[in-house]
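Worksheet: the structure to be examined is printed underneath.
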2 protein chains.
Amino acid sequence: MVSRRITIVDVARHAGVSTTAVSKVLRNAYGASPEMQAKVRAAIQELGYRPSAAARGLRGQTYTIGVLLPDLRNPFFADILDGIAERLGGTDYQVLMASSGNDQQGEARLTEAMIDRSMDGVVLIAPVASPRRLQSVARTVPTVVVGRHGHSPDYDTVTDDDFSGAALVVDHLVGLGHRRIAHIEHLETDAVRLREMPNARRADGYRHAMRAHGLGDQIDIAATSYTREGGYAGARELLSREPRPTAIFAGADIVAMGVFDALAEAGLSAPADVSLAGYDDTTFASFGPISLTTVDQAGHQMGGQAARLLLERIGDRGRPTSQVRLSPALVTRGTTAAPGAGP
Amino acid sequence: MVSRRITIVDVARHAGVSTTAVSKVLRNAYGASPEMQAKVRAAIQELGYRPSAAARGLRGQTYTIGVLLPDLRNPFFADILDGIAERLGGTDYQVLMASSGNDQQGEARLTEAMIDRSMDGVVLIAPVASPRRLQSVARTVPTVVVGRHGHSPDYDTVTDDDFSGAALVVDHLVGLGHRRIAHIEHLETDAVRLREMPNARRADGYRHAMRAHGLGDQIDIAATSYTREGGYAGARELLSREPRPTAIFAGADIVAMGVFDALAEAGLSAPADVSLAGYDDTTFASFGPISLTTVDQAGHQMGGQAARLLLERIGDRGRPTSQVRLSPALVTRGTTAAPGAGP
DNA sequence: CTGAAAGCGCTAACAA
DNA sequence: TTGTTAGCGCTTTCAG
């Protein structure tokens, strides 16, 4: 026989107060004397009471924050999650995640699922949805969008200056003497995403920087996806070019990982045969045998800022939205060198 | 002005039926004629109705499955997640994850959080909680435990035969001619976990296999943690031994990653200076420049089995628990070779 | 500051 | 097969 759930009524009775009083203590709400608080807390302890989120959600908050991430395998997102978790530690909020597989339908289903579950707020990491949909989500639930450019009166954003970040890489490679610098990007066809997605901004930054160096005719892009497979396919494509690029700028570290696969397969190595740079400065980039030159976009900070903004918006849904933009920094490691510097 | 939420009452009115009827259609429950179903579904479509999980949870199910994973950075868990997601695709269940950071307290908080949120079932991946706690969780909510040995009448389990898996590695290394084979394990002090955790079973398997080969005196274990940092620390410790081991068996691929860090730092490489094997066959192991010899424990299948068992248990909480044990397979790649086979 | 009472949106008995 | 009705456990007016 399963024992009956302990409810707020039990706590109230045990403490000799009203259920309202218990509820107030639970929510740290105004209007409960210290003695009453003490009594209630004691009763909660003694009975081992746990509030039901479902019941709370029916009227008030669920104290749940949903985080939507595109891909569990991209270690960059773990950095963001850490930042969120750190900022939310100590609050009553719990973080629940879902992975969309970078798929527009899956993403939509999951945001709906989060809304259905009365989450108090959501953090959408690099979502692919249309602005219309994002607006609609944000009007339903407090929302912070991470990594996607484009403003809205309904949601806050945290982004990295991807355009400049890409330029940092190109500048670095050009400084080393490279001219045939190719880029692997995440294929984007939608006009809006072409403007708002970080991958598109990086590609733009790449093109712009190349032209600024008078290398407009050297622009060479393989458009695949921000996955290891995408990096592999993109690198195979680029390595078959005649003449072969002397440097590859992968739009993300996870993409660079795929490039390594292709290099290994072709019997090439970085930087001996090709210089290689990534983006994100994931823990993978610092991996000893790899030591990937990359761009640090401070995922941990991004997560922290996102959590902060979300809490503020949950606190006051009417406040004007803000856009936090962080500055990227180049992290020079071992995979980039002067061209032809091979053994 | 925010528009009022659309509820089951609106749908019922719009369709000209009772709320019960709508509820039945929602749950695919018995007792609704095809015409009624059609009417209700039409109304749901037209109104854009979405059921509130909070309200449902108060009486029935929430259609939410919680997955607790120890560490977002260990790519092995992504394989398990894929398996779970695949099995649950097409059902009405949504998967929500939480990461405990391999911390006993964090894990406890998160399981509580899942219970508080009336999840219909939970999958606990390599949990560190005491069996007492696991039992208590499992008696509250349908539970499947993945990767942890030890039976219970209250929860189902899915495990890999870690003991044999470790033996596969040792056999392989001995076959190559190694004798000084060291192991890096996740430090475990708790008596129960020493019996139940996969890391402990792998260490046991290592010891047993070493003895079976008459190498009992060569047993050498560095006990750190199943993280990249743990691998780094463990490798530093082992590499300082005199004489240095000729092979290192890391208890997990993520640990092997840390070993690579230490090797790179020491100017050594695998397999030239030291042979190296991991465990899990994560996507990282197949990474081109690494090509890690490892043990495939079929995370994808484990996830699929876990999801299947969970659905069965949700369907019938009284059914006897089952233990699914999968067999590991050695994946020989480039990081293991005969000792002294260096360049 | 405290408590009584009315729901929140849904499901589960029960009746019809 | 269909509908009526009483809650699920909590928060929120609104009186006291």
Side-chain angles (χ1 to χ4, degrees), chain A residues 2-41 43-44 47-64 92 115-120 140-141 314, chain B residues 2-40 43-44 47-64 92 112 115-120 140-141 314:
Chain A
V2 188
S3 56
R4 202 178 49 78
R5 204 181 198 303
I6 294 159
T7 74
I8 201 173
V9 178
D10 301 311
V11 176
R13 191 170 335 158
H14 192 89
V17 299
S18 71
T19 58
T20 309
V22 179
S23 174
K24 281 184 175 167
V25 173
L26 247 35
R27 291 172 291 120
N28 301 308
Y30 177 80
S33 64
E35 312 109 68
M36 167 159 281
Q37 295 205 18
K39 273 195 296 188
V40 171
R41 282 192 217 287
I44 289 176
L47 298 178
Y49 165 76
R50 308 262 336 166
S52 150
R56 303 183 91 171
L58 221 42
R59 294 294 255 149
Q61 299 186 237
T62 55
Y63 299 93
T64 310
D92 285 340
I115 291 170
D116 295 345
R117 282 156 187 76
S118 315
M119 295 202 170
D120 294 340
T140 311
V141 56
I314 289 172
Chain B
V2 189
S3 55
R4 200 179 50 78
R5 205 181 198 301
I6 294 160
T7 75
I8 202 174
V9 177
D10 301 311
V11 176
R13 191 171 334 160
H14 192 90
V17 299
S18 71
T19 57
T20 307
V22 179
S23 175
K24 281 183 174 168
V25 173
L26 246 34
R27 292 173 289 121
N28 300 309
Y30 179 81
S33 64
E35 312 108 69
M36 167 158 282
Q37 295 206 17
K39 273 197 295 189
V40 170
I44 288 176
L47 299 178
Y49 165 76
R50 308 265 334 170
S52 150
R56 303 182 92 172
L58 220 43
R59 292 301 246 136
Q61 299 187 237
T62 55
Y63 300 93
T64 310
D92 285 339
E112 287 303 313
I115 292 170
D116 296 345
R117 281 157 188 75
S118 315
M119 294 201 172
D120 295 339
T140 310
V141 56
I314 290 172

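Proteins get letters first, then strands, A, B, ... in listed order; numbering begins at 1 in each.
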Among D:dC8, D:dT1, D:dC10, which nucleotide sits nearest the side chain of B:Arg59?
D:dC8
Atom NZ of B:Lys39 to atom C1' of D:dT1: distance rounded to whole Å?
12 Å
Between the main-chain N or O of A:Tyr63 and the side-chain N or O of A:Asp92, is there a donor-acceptor pair closer than 3.5 Å?
no
Does B:Ser23 get its side chain close enough to the base of C:dA12, under 3.5 Å, for a donor-acceptor pair?
no
Of the candidates C:dT2, D:dC10, C:dC10, the side chain of A:Ala55 sits closest to D:dC10
Where the side chain of B:Thr7 is concerned, which of C:dT2, D:dT11, C:dG9 is the nearest nucleotide?
C:dG9
How many whole angstroms separate atom NZ of B:Lys24 from atom P of D:dT1?
8 Å
Which part of the nucleic acid, if any, lies within contact of A:Ala54, taking any heavy atom under 4.0 Å across all strands shown: a base, the sugar-phosphate backbone alone, or nothing?
nothing
Side chain of B:Thr20 (C-beta onward), nearest among D:dT4, C:dC10, D:dT11:
D:dT4
I'd like to know if the side chain of B:Thr62 reaches the main chain of B:Ser118, judged simply by a donor and an acceptor atom lying under 3.5 Å from each other, with no hydrogens or angles considered.
yes
Side chain of A:Leu26 (C-beta onward), nearest among D:dT11, C:dG3, D:dG3:
D:dT11
Please report the distance, rounded to the nearest Å, between CZ in B:Arg117 and P in D:dG9.
17 Å
So, does B:Ser18 get its side chain near the phosphate of D:dG3, meaning an N or O under 4.0 Å from OP1 or OP2?
yes
Can you find an N or O donor on one side and an acceptor on the other, under 3.5 Å apart, linking the side chain of A:Thr19 with the base of C:dA4?
no
Working to the nearest 0.5 angstrom, can you tell me the gap between B:Thr19 OG1 and B:Arg13 CZ?
11.0 Å
Starting the side chain at C-beta, find the nucleotide from C:dC10, C:dT11, C:dG9 nearest to B:Leu58.
C:dG9
Need one value for B:Val22: base, sugar-phosphate or nothing, where a base atom within 4.0 Å counts as base even if backbone is also close, heavy atoms only.
nothing
Side chain of B:Ser33 only, please: which of C:dG3, D:dT11, D:dT1 is the nearest?
D:dT1
Without decimals, in angstroms, what is the distance between B:Arg5 CZ and C:dG7 C1'?
15 Å
List the atom of B:Val141, the atom of B:Met119, and the distance in Å for their closest heavy-atom pair.
CG2-O, 3.4 Å
For residues A:Arg56 and A:Ser52, is any side-chain donor paired with an opposing acceptor at under 3.5 Å?
no
Looking at every strand, decide which applies to A:Arg27 at a 4.0 Å heavy-atom threshold: base, sugar-phosphate, or nothing.
base
Given DNA chain D, 5'-ward residue of the pair B:Gly16 and A:Tyr63, judged by closest heavy atom:
B:Gly16
Starting at atom CZ of B:Arg56, determine the distance to atom P of D:dG9, rounded to an integer number of angstrom.
18 Å
For the student: nearest non-hydrogen atoms of A:Ala21 and A:Met36, plus distance
CB-SD, 3.3 Å
What integer distance in Å separates B:Arg13:CZ from D:dT2:P?
20 Å
Closest nucleotide among C:dA4, C:dC1, D:dG3 to the A:Tyr30 side chain:
C:dC1
Provide, to the nearest angstrom, the distance between the CG atom belonging to B:Asp116 and the P atom belonging to D:dG9.
13 Å
What is the distance, rounded to the nearest whole Å, between atom CG of A:Asp10 and atom P of D:dC8?
11 Å
